[in-house]
Colleague: 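The following block contains the structure, expressed as C-alpha cells.
Computed from a predicted structure; not experimentally measured.
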Amino acid sequence: GFIIQKSGKEAIKLNGVIGAQIKNCVFRDNNGNIDGSIISCVNSNPIVSNCYFHKNFSGVVAGDGILISQNSNSKFLNCVFANNYSGKGLVSLNQSTGNFTNCNFINDTISGNYNTVAYNKLIRAENNSVLNINNSIFSNNIFDDFQSKNNSDSSEIGISNSVININNTITQIYNYGNNSLLAKNPKFRDTANVTGIDNLYYTPDDGLQLINPCSPAINAGLNNYALNIGNDILNNPRIFETVVDLGAYETQLNLLAVPA
C-alpha cells in the first residue's frame with residue numbers, strides 16, 4: 001500500500017477503469033475544492049479495501065470527497081473514514097452503486113449551504129443510485145451550517161430518487177430498517193486518536209478498535225456480508241468466534257463477561 005497525501009485535485013481518478021483494486025492505502029491531508037478530491041470514480045468498478053481516509057478536506061461550501069458517478073459500481077471493505085471535512089458530502093453516488101461493508105465513519109464534518117434532503121449528509125445517493133451498507137458503524141458525524149452549533153451525530157445518510165439497503169449497522173439518526181442498532185454508542189478505545197499512541201496506521205493500538213466486552217458492535221454483524229473478506233484492517237481473521245463484528249476491526253479475544 002501507499003500513503004496518498006496533500007493532493008490539490010483528485011488524489012486518484014478512475015475513468016472507465018474495470019477491475020481496479022486499491023488496498024492497504026492511507027488517504028490523508030488531501031485538499032481539493034472539487035468533487036472527487038479524494039477519489040473520482042467515473043464509469044468504473046474499483047474495490048477499495050483496508051484503507052484509511054483521514055483528515056482530508058474537500059472544500060468549505062462545495063466538493064464531495066469521494067465521487068462515484070456514471071454507472072460506476074464500487075466496493076469499500078474494511079475502511080476507516082475519520083476526521084474528514086467536506087463541503088457537500090464525504091461520499092456521493094450519482095447514477096451508480098456503492099457498497100460499504102465493515103466500514104467506520106467517525107468524527108467527519110459536512111458543511112455548506114445545501115438544504116435538500118440528499119445534501120448535508122455524510123453519504124449521499126441520488127439519480128437512481130443504489131447504496132448498500134452492511135456491518136458498519138456511524139458515530140459523531142456533524143453537519144456544520146456556519147450559523148448554528150450542531151451537536152454530534154447531525155449528518156449521516158441522504159437519499160434522493162435512489163435505493164438504500166442497510167443491514168447490521170450502527171447509525172445515530174438514520175433509522176430506516178436499522179432500529180435495533182439505532183443510537184448505540186459503539187464504544188471505541190479512543191476516538192480522538194485514530195492511529196493510537198504510536199501514531200502509526202495498521203498497528204494494535206489503533207483507537208477505533210472495539211472495547212471488549214462493552215461494545216454493542218462485537219458479534220453484531222451478519223457473516224454473509226463478510227464471507228469474501230478474509231481479514232480485517234489489521235490483517236487479523238475477519239470472523240473471530242462465530243459472528244463477525246461491525247466496523248473495520250475484528251476483536252481477537254473471546255467476548256468477556258460484562259463487569260457487575
Colleague: Hey, could you give me the CD/CG distance between Gln252 and Asn212, rounded to the nearest 0.5 Å?
Modeller: 11.0 Å
Colleague: Run the ring pair (Phe, Tyr, Trp, His ring centres under 6.0 Å) test against Tyr249 and tell me which residues pass, sequence neighbours left out.
Modeller: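 Checked Tyr249 against ring pair (Phe, Tyr, Trp, His ring centres under 6.0 Å); zero matches.
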Colleague: Got a sec, which residues hit side-chain hydrogen bond (donor to acceptor under 3.5 Å, both in side chains) with Asn254, two or more places apart in sequence or on another chain?
Modeller: none
Colleague: Determine whether Phe76 and Val91 make a side-chain contact, defined as any pair of heavy atoms from C-beta on separated by less than 4.5 Å.
Modeller: no
Colleague: Could you note down all residue pairs passing salt bridge (Lys or Arg N to Asp or Glu O under 4.0 Å) where residues 179-199 supplies at least one of them, sequence neighbours left out?
Modeller: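 Sorted pair list comes back empty.
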Colleague: Does anything in residues 197-222 form a ring-ring contact (aromatic ring centres under 6.0 Å, His included)? List the pairs, not counting sequence neighbours.
Modeller: Tyr52-Tyr201, Tyr52-Tyr202, His54-Tyr201
Colleague: Which residues end up grouped with Ile239 if you chain together Ile, Leu, Val, Met, Phe, Trp and Tyr wherever their side-chain heavy atoms are less than 4.5 Å apart?
Modeller: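 Besides Ile239, the cluster holds Val244.
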Colleague: Mind listing the side-chain donor-acceptor pairs of residues 2-13 below 3.5 Å, one per line with the distance, residues two or more places apart or on another chain?
Modeller:
| residue | atom | partner | partner atom | Å |
| --- | --- | --- | --- | --- |
| Gln5 | OE1 | Arg28 | NE | 2.8 |
| Gln5 | OE1 | Arg28 | NH2 | 3.3 |
| Ser7 | OG | Lys9 | N | 3.3 |

Colleague: Taking NZ, NE, NH1 and NH2 as the nitrogens, is one of them in Asp64 or Arg124 under 4.0 Å from a carboxylate oxygen of the other?
Modeller: yes
Colleague: Applying side-chain hydrogen bond (donor to acceptor under 3.5 Å, both in side chains), can you list everything that pairs with Ser37, at least two apart in sequence or on another chain?
Modeller: Ser58
Colleague: Taking atom types as modelled, find out whether Asn168 and Asn135 have a side-chain donor-acceptor pair closer than 3.5 angstrom.
Modeller: no
Colleague: Just checking, is any N or O donor in the side chain of Asn71 or Asn43 under 3.5 Å from an acceptor N or O on the other one?
Modeller: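 No donor-acceptor contact under 3.5 Å links the two side chains.
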Colleague: Other members of the hydrophobic cluster containing Ile229, with the 4.5 Å side-chain heavy-atom rule, please.
Modeller: Ile47, Leu77
Colleague: Name all residues meeting the side-chain hydrogen bond (donor to acceptor under 3.5 Å, both in side chains) criterion together with Asn185; count only those two or more places apart in sequence or in a different chain, and write none if there are none.
Modeller: none
Colleague: Could you tell me which residues satisfy side-chain hydrogen bond (donor to acceptor under 3.5 Å, both in side chains) with Asn73, sequence neighbours excluded, listed by chain and number?
Modeller: Asn99
Colleague: Please write out which residues are connected to Val42 in a hydrophobic cluster, directly or through intermediates, given that two of Ile, Leu, Val, Met, Phe, Trp, Tyr count as joined at side-chain heavy-atom separations below 4.5 angstrom.
Modeller: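 Same cluster as Val42: nobody, lone residue.
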Colleague: Between Asn102 and Asn78, do the side chains contain an N or O donor and an N or O acceptor separated by less than 3.5 Å?
Modeller: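 No - no donor-acceptor pair under 3.5 Å links their side chains.
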Colleague: Set out, in order, the CA-CA distance, both residues' side-chain angles and the distance that settles side-chain hydrogen bond (donor to acceptor under 3.5 Å, both in side chains) for Asp245 and Thr251, then state yes or no.
Modeller: CA-CA 7 Å; Asp245 295 343; Thr251 302; 3.2 Å; yes
Colleague: Sequence neighbours left out, what pairs pass side-chain hydrogen bond (donor to acceptor under 3.5 Å, both in side chains) with at least one residue falling in residues 217-227?
Modeller: Asn167-Tyr225, Asn219-Glu241
